[in-house]
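Here the structure is laid out as C-alpha cells; the discussion comes afterwards.
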Amino acid sequence: MRMTRPLIAFALAGSLFASNAMAAPETYEIDPTHSFINFSISHLGFSFLQGRFNDISGSFVYDADNPRANSITVEVKTASIDSNHAERDKHLRGKDFLNVDKYPTATFKTTSFEPKGEDGVLTGDLTLHGVTKPITIDVTFVGAGKDPWGGYRRGYSGKTTIKRSDWGISYNLGPAAETMDLYFVVEGVRK
Amino acid sequence: MWKSTNDRYGRIARLLHWGMALLLIALFVTGWWATELGYYDPLYRVIPDLHRGLGVLAGALIVLRLAWLLVDRRPALNVSRRWERLAARLGHGLLYLLMVLVPISGYLMSTADGRGVDVFGLFELPALLSPSSGREEWAGRAHYLLAFGGAWLVVLHVAAALKHQFIDRDGTLRKMIG
C-alpha cells in the first residue's frame with residue numbers, strides 16, 4: 001500500500017501528459033471509401049437529379065484546443081462524376097459542363113473555421129472549372145472514436161449551395177437549375 | 001437480276017448500297033446535330049433517339065451486306081493497274097471495316113452503364129456486356145474518330161466514282177445505277 005501514493009501520482013502525471021499530447025492538432029487522412037461528395041440539382045423544377053464524385057482524396061486537421069484552426073483540404077477528380085447514366089456523365093465531363101480534359105481536378109482549401117460546439121461553419125476556396133471562389137459549408141460533427149481494426153476515426157457531414165455560373169458552368173438547364181446543392185460526408189482516419 | 005454479274009451489281013447489292021448511303025448521311029447529320037442541341041431544344045430527345053435507332057439499323061444492314069458478299073460475286077473493277085486495284089480493294093475494305101466499327105463503338109458507349117439501346121420505341125437492343133465505368137469515354141472518342149474517318153472515306157469513294165465516270169468515262173456508275 002505504501003507504493004500506492006507515488007504510483008497514483010505517477011499515473012496522474014502520465015495521464016496529464018497524455019491529455020496534453022491528445023490535445024495537439026490531429027491530422028486525418030480522408031477515407032475515400034467512406035467519404036462522399038454528392039450533388040443535387042433541380043430537373044426542370046419537377047424533381048432532383050442526384051449524383052456524386054467517386055474519386056476523392058485529402059486530409060483534415062482537428063485541433064481540440066484551438067478549433068478555429070480546424071481545416072480540410074480535398075481534391076476531386078472531376079472525371080469521376082457519376083449521375084447513374086453513362087451518356088449523361090459523358091456530357092457532364094464535356095465542354096458544356098466540367099470540361100474535365102482541361103480541368104481534371106476540383107479542390108477545396110480551408111480559409112477559416114467558425115466553431116459552434118463540435119459543429120461549425122467552414123469557409124474556403126473552391127476551385128472548379130478553373131475558377132476559384134469562396135464558399136461556406138455548414139458542418140455537422142457525426143462521431144469520432146476507435147474503429148474495430150485498430151484505427152481512430154472522425155467524421156463530419158456538410159452542406160452548401162452553389163451557383164453554377166459563378167464557376168463558369170452556365171449551360172442552360174432552366175431557371176430552377178441555376179443553383180445546386182452539395183452534400184458531403186467525410187470520414188478520416190487519424191495518422 | 002437479284003445477283004451481281006461481271007458488269008453490274010444485282011438488286012440486293014444495290015438495295016444495300018443505296019440504303020446504306022442514305023443511312024450514313026442521316027447518321028452523320030443526326031450524330032453531329034445531337035452534340036449541338038441545347039437542353040431546351042424540342043428535338044433534344046428526338047435527334048439522339050433517331051440516331052441510335054438508325055445506327056442499330058445500319059449495324060444490321062452491314063451484317064446483311066457482309067453475309068451477301070459471301071453469296072454474291074462482285075463486278076469486275078474498271079482498273080487494270082496494280083496499285084489502282086490495291087487502292088480500290090483497300091478503300092472498300094476500310095469502308096466495310098468502319099461500317100462495322102462505328103456502330104459497335106456507339107453501342108459500347110450507350111450501353112456502358114448496362115442500359116440497352118432503344119430502337120424507335122419498338123424494341124430494345126440489350127446491353128450484352130457488363131457495365132463498365134468510363135467505357136462511355138473511350139468508346140465515345142472512338143465513335144467520334146471512326147465516324148469522321150468513315151465520312152472522309154465516303155467522300156473519297158464518291159470522288160473516285162465520279163472520277164471514273166466523268167474523267168475516265170468508263171461507265172462505272174452504270175454498275176450501281178440503271
Side-chain angles (χ1 to χ4, degrees), chain A residues 32-33 36-57 76-105 163-165 168-180, chain B residues 27 30-56 102-119 124-147:
Chain A
T33 59
F36 302 88
I37 296 178
N38 306 297
F39 59 87
S40 177
I41 185 165
S42 174
H43 181 231
L44 304 167
F46 306 141
S47 70
F48 297 97
L49 175 87
Q50 313 280 304
R52 62 175 199 231
F53 290 91
N54 290 331
D55 192 330
I56 310 166
S57 59
V76 177
K77 295 266 182 283
T78 50
S80 71
I81 192 167
D82 180 355
S83 70
N84 192 28
H85 185 350
E87 289 181 352
R88 177 168 57 213
D89 291 344
K90 188 174 182 303
H91 191 195
L92 293 172
R93 292 186 196 106
K95 289 196 172 75
D96 284 340
F97 295 95
L98 294 169
N99 200 356
V100 303
D101 285 341
K102 198 168 176 201
Y103 309 112
T105 58
K163 193 176 171 202
R164 290 185 296 129
S165 56
I169 302 172
S170 314
Y171 185 90
N172 182 22
L173 293 170
E178 284 173 7
T179 63
M180 59 192 294
Chain B
L27 281 163
T30 53
W32 194 321
W33 196 356
T35 66
E36 302 293 321
L37 285 164
Y39 199 59
Y40 275 74
D41 199 302
L43 298 176
Y44 185 76
R45 297 167 66 85
V46 174
I47 298 297
D49 282 347
L50 187 63
H51 182 80
R52 291 187 201 97
L54 292 175
V56 170
V102 173
I104 287 177
S105 58
Y107 171 82
L108 288 177
M109 166 171 54
S110 281
T111 59
D113 54 16
R115 286 179 175 83
V117 180
D118 181 75
V119 182
E124 188 184 87
L125 189 66
L128 296 174
L129 298 178
S130 56
S132 155
S133 169
R135 190 170 77 212
E136 68 276 12
E137 287 299 319
W138 65 256
R141 216 151 280 191
H143 191 66
Y144 176 87
L145 294 172
L146 292 170

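The chains referred to below are lettered A, B, ... by the order of the sequence lines, with proteins before strands, and numbering in each begins at 1. No hydrogens, no waters, no symmetry mates; every other heavy atom, side chains included, goes into these values. Treat the numbers as computed from the prediction; the structure is a model and nothing was measured.
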Do side-chain atoms of A/R164 reach the backbone of A/A177 as a donor and acceptor pair under 3.5 angstrom? yes
Under 4.5 Å to a heavy atom of chain B? For A/H91 that would be side chain
Scan side-chain atoms only and decide if A/E178 and A/S165 contain a donor-acceptor pair under the 3.5 Å cut-off. no
NZ/NE/NH1/NH2 to OD/OE distance under 4.0 Å, A/R93 and B/E136: yes
With a 4.5 angstrom heavy-atom cut-off, could you sort out which part of A/N54 is near chain B: side chain, backbone, both or neither? neither
To the closest 0.5 Å, what do you measure between CZ (A/F97) and CG (A/L92)? 5.5 Å
With a 4.5 Å cut-off on heavy-atom pairs, point out which of A/D89, A/D82, A/N84 contacts chain B the most. A/N84
